[in-house]
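Here's the structure we're looking at; comments come further down.
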Amino acid sequence: MRQEDDDVMRSNTTRTTNRSRRRAGRALAVGMTAILSTALLGACSSDDEGGDGGNGDEEITLRVGVFGQFGFEEAGLYEEYERLNPHITIEQDSITDSGDYMTGLRTRLSQNSGLLDLQAIEVGNIAEMTTELSDRWVDFNGFEAVDPSHFAEWKNAQATDADGRLIGLGTDSGPTGVCYRTDYFEEAGLPTDREEVTELFAGGWEDYLAVGEQFAADGPENVAYLDSAGGMFNAVVSAYEERYYNAEGELAYADNESVATAWDLATQAAEAGLSSGLEQFQDDWNQAMANGDFATLPACPAWMLGYIQSQAGEGGEDVWDIAQSPSPSNWGGSFIGVPEATEHHDEAVALAAWLTAPEQQAVFFTERGSYPSSAEAQQLPEVLEATHPYVNDAPIGQIFSQAAADVPTTVIGPYDQQVQDGITDGLLALEQNGLSPDDAWDDVVAALDNAVAE
């Protein structure tokens, strides 16, 4: 980092310089390398498509800050950009945990120092960036290298502040389906064909839970119908325009219909014994997926397929499949922004625009499973025709493209992620500690009211 004494950011930071090492092996946790039979990176880039990388006579190093295995490097995008712009060297700093990353980024933005040339922004934090910290970011609207019109309208809306400044370019999105195990459905006497399963759920989430009741009665013993009440809540609430904030941008999680509906359905699933009662992405949840301890994931975005493969391995191949969601929503998706403090505005903006251009977003999907936030990229043949061999050759390009068309423009506020986590914690307490839905909800509201009090 530029501030060598900053232990918070450096403690779990991995820095890579693309020219000094071979491309990192693609991780199965989110990767789809050698899975999707689509065009290679070189097919969608040419020597005159490298953007405006700046003065070709000046050697420039651009530093990119990301969290986790973000995917730009793993998909080979840095390497390709450097080939097209030989005077540019790209270094990446990755913080393992997204929460730690955002804490450090927030601190640096408030101090307006120690920032890298490009910084990733998680969707749960984008509202904070467009409100309290908007003036710390470059406005992409002011640069010729950027054409925001190819992005989905709702994606641009999330990254636009009250003055119309676009402070982030969408890297990906997360339209959802419902993932299910065909072997368990067959044992329960349920259809296994994805179109027939889609029809089972077509009436709404009530139908999804009704199928769960049949599964509980006739399915395999010791297998839960769904993974977690928190996953159920997320699947339902994310399909609404207003969740934790109302249209006026005011906190309204205690009053919005979407939260009440999602809470009731999630607690119904928990009280009926349909859920495994585990916390998503924790070790016991990962192990349950590996063991085949649950039959469905009600919120299953494109990136989840790679995660399933990494956890379930060979034992899950061709038994997992994916159907359309009864109410498509978006889970996940990030942005890339350029801090005002960078010394290389033009070069950093050019790189950000190139990384998020339709052709590169198609590569991001075929290589990493990150579905495009670019409406134009969503219509490219390599996206529309993509299939996934691990999940019975499911036509994921078609499935997620159809879901993406119905994703609402959701109101996101500064405390969005905090509210989501608080409600998920409340549902976990209900499942694991035996709280009633009313008592668990009262605890959630009390904790959140205290946490967000000014």
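This one's a predicted model, so the numbers in the text were calculated from it and none came from an experiment.
For Gln432, the CD atom is densely surrounded, since the number of other residues' heavy atoms within 6.0 Å is greater than 12. The environment of CD in Glu314 is sparse: at most 12 heavy-atom neighbours from other residues, nucleotides or ligands sit within 6.0 Å. The number of heavy-atom neighbours closer than 6.0 Å to CD of Glu199, taken from other residues, nucleotides and ligands shown, is 12 or below. Heavy atoms from other residues, nucleotides or ligands lying under 6.0 Å from CD of Gln214 number more than 12. Atom CD of Glu257 has 12 or fewer heavy atoms from other residues, nucleotides or ligands within 6.0 Å.
For the side-chain contact (heavy atoms from CB on, under 4.5 Å) criterion with Pro326, the lone passing option out of Val178, Val236, Asp207, Leu200 is Val178. For the side-chain contact (heavy atoms from CB on, under 4.5 Å) criterion with Ser334, the lone passing option out of Ile121, Val123, Asp172 is Asp172.
Remark: Gln324 CD to Thr176 OG1 distance equals 9.0 Å, nearest 0.5 Å. Atom CZ in Arg136 sits 7.5 Å away from atom OG in Ser110 (nearest 0.5 Å). Once rounded to the nearest 0.5 Å, the distance linking OG1 of Thr296 with CG of Leu274 reads 9.0 Å. Between the CD atom of Glu73 and the CD atom of Glu91 there is a distance of 11.0 Å, given to the nearest 0.5 Å. Going from atom CG of Leu384 over to atom CD of Gln402 covers 12.0 Å, rounded to the nearest 0.5 Å. Atom CD1 in Ile167 sits 11.0 Å away from atom CG in Asn141 (nearest 0.5 Å).
Side-chain atoms of Val237 and Trp263, non-hydrogen and from C-beta on, never get closer than 4.5 Å to each other. By the 4.5 Å heavy-atom criterion applied to side chains, Asp93 and Val66 are not counted as neighbours. Taking the side chain as every heavy atom from C-beta outward, Phe294 and Leu226 never approach each other to under 4.5 Å. The shortest distance between side-chain heavy atoms of Val259 and Ile423 falls below 4.5 Å. Met232 has its side chain within reach of Tyr208: a pair of non-hydrogen atoms, C-beta onward, lies under 4.5 Å apart. Side-chain contact check for Ser327 versus Trp205: some heavy-atom pair is nearer than 4.5 Å. Counting heavy atoms from C-beta on, the side chains of Tyr101 and Asp97 never come closer than 4.5 Å. For the pair Leu351/Ile90, a side-chain contact is recorded, criterion being any heavy-atom separation below 4.5 Å from C-beta on.
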Might you work through the side-chain hydrogen bond (donor to acceptor under 3.5 Å, both in side chains) test for Gln417 and Asn125, ending with a clear yes or no? CA-CA 7 Å; Gln417 191 62 53; Asn125 301 97; over 6 Å; no
Using the rule given for side-chain contact (heavy atoms from CB on, under 4.5 Å), can you reason through Phe365 versus Ile396, listing the C-alpha separation, both sets of side-chain angles and the distance that settles it, and then say yes or no? CA-CA 10 Å; Phe365 178 50; Ile396 60 172; 3.8 Å; yes
For side-chain contact (heavy atoms from CB on, under 4.5 Å), just list the numbers for Tyr245 and Thr410, CA-CA rounded to whole Å, side-chain angles, deciding distance to a tenth of an Å, and then say yes or no. CA-CA 9 Å; Tyr245 286 78; Thr410 302; over 6 Å; no
May I have the step-by-step check of side-chain hydrogen bond (donor to acceptor under 3.5 Å, both in side chains) for Asp421 and Thr424, ending in yes or no? CA-CA 5 Å; Asp421 291 344; Thr424 300; 5.4 Å; no
Apply side-chain contact (heavy atoms from CB on, under 4.5 Å) to residues Gln360 and Leu355 and explain how you reach the verdict. CA-CA 6 Å; Gln360 278 64 256; Leu355 289 170; 5.7 Å; no
Let me see the working for Asp193 and Thr198 under side-chain contact (heavy atoms from CB on, under 4.5 Å), right down to the final yes or no. CA-CA 9 Å; Asp193 177 80; Thr198 293; over 6 Å; no
Working for side-chain hydrogen bond (donor to acceptor under 3.5 Å, both in side chains), residues Asn286 and Gln282: CA-CA 6 Å; Asn286 291 337; Gln282 300 304 305; over 6 Å; no
Derivation of the ring-ring contact (aromatic ring centres under 6.0 Å, His included) call for Tyr81 and Trp354: CA-CA 8 Å; Tyr81 192 79; Trp354 187 87; 5.2 Å; yes
Test side-chain hydrogen bond (donor to acceptor under 3.5 Å, both in side chains) applied to Glu241 and Thr409, step by step: CA-CA 6 Å; Glu241 292 185 5; Thr409 300; over 6 Å; no
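Remark: the backbone N or O of Pro298 is not paired with any side-chain donor or acceptor of Tyr180 at under 3.5 angstrom. Remark: side-chain polar atoms of Asn392 are not paired, donor with acceptor, to backbone N or O of Ala394 under 3.5 angstrom. Looking only at distances, no side-chain donor or acceptor of Asn433 sits under 3.5 Å from a matching main-chain atom of Leu435. For the pair Ser134 (side chain) and Thr131 (backbone), a donor-acceptor distance under 3.5 Å is absent. Not one N or O on the side chain of Glu128 forms a donor-acceptor pair closer than 3.5 Å with the backbone of Gly413. Checking side-chain atoms of Ser401 against main-chain N and O of Gln398 turns up no donor-acceptor pair under 3.5 Å. Counting only distance, with no hydrogens or angles, the side chain of Asn246 and the backbone of Glu248 share a donor-acceptor pair below 3.5 Å. Put simply, the side chain of Glu74 gets close to the backbone of Gly71: a donor and an acceptor are under 3.5 Å apart. Distance alone, capped at 3.5 Å, places no donor-acceptor pair between the Ser173 side chain and the Lys155 backbone. Side-chain atoms of Ser238 never come within 3.5 Å of backbone atoms of Ala235 as a donor-acceptor pair (strictly under, hydrogens ignored).
Taking the six-membered ring for Trp and thresholds of 30 and 60 degrees, Tyr307 and Phe281 have ring planes more than 60 degrees apart, a perpendicular arrangement.
Defined by atom type and a distance below 3.5 Å, a donor-acceptor pair is missing between the side-chain atoms of Ser258 and Asn256. At a cut-off of 3.5 Å, with distance as the only test, no side-chain donor of Thr356 or Gln361 sits close to an acceptor on the other residue.
Closest approach of Tyr78 to Gln92, counting heavy atoms only: OH-OE1, 2.6 Å. Nearest heavy atoms, Thr192 versus Thr182: CG2-O, 3.3 Å. The shortest non-hydrogen separation linking Pro339 to Trp137 is N-CE3, 3.8 Å. Contact record, Gly422 with Leu448: CA-CD2, 4.1 Å, taken as the closest heavy-atom pair. Contact detail for Tyr390 and Gly313: the closest heavy-atom pair is OH-O, 2.6 Å. Here the closest non-hydrogen pair linking Met289 and Ile308 is SD-CA, 3.6 Å.
In this structure, Arg181 satisfies the cation-pi test against Tyr184, with its NZ or CZ atom closer than 6.0 Å to the six-membered ring centre and inside 45 degrees of the ring normal.
Using a 4.0 Å cut-off between a side-chain N of Lys or Arg and a carboxylate O of Asp or Glu, Arg243 and Asp416 qualify as a salt bridge. Between Asp163 and Arg165 there is no salt bridge, since none of the side-chain N atoms of the basic residue sits less than 4.0 Å from a carboxylate O of the acidic one.
Ring centroid separation for the pair Tyr415 and Tyr253 does not come in under the 6.0 Å cut-off.
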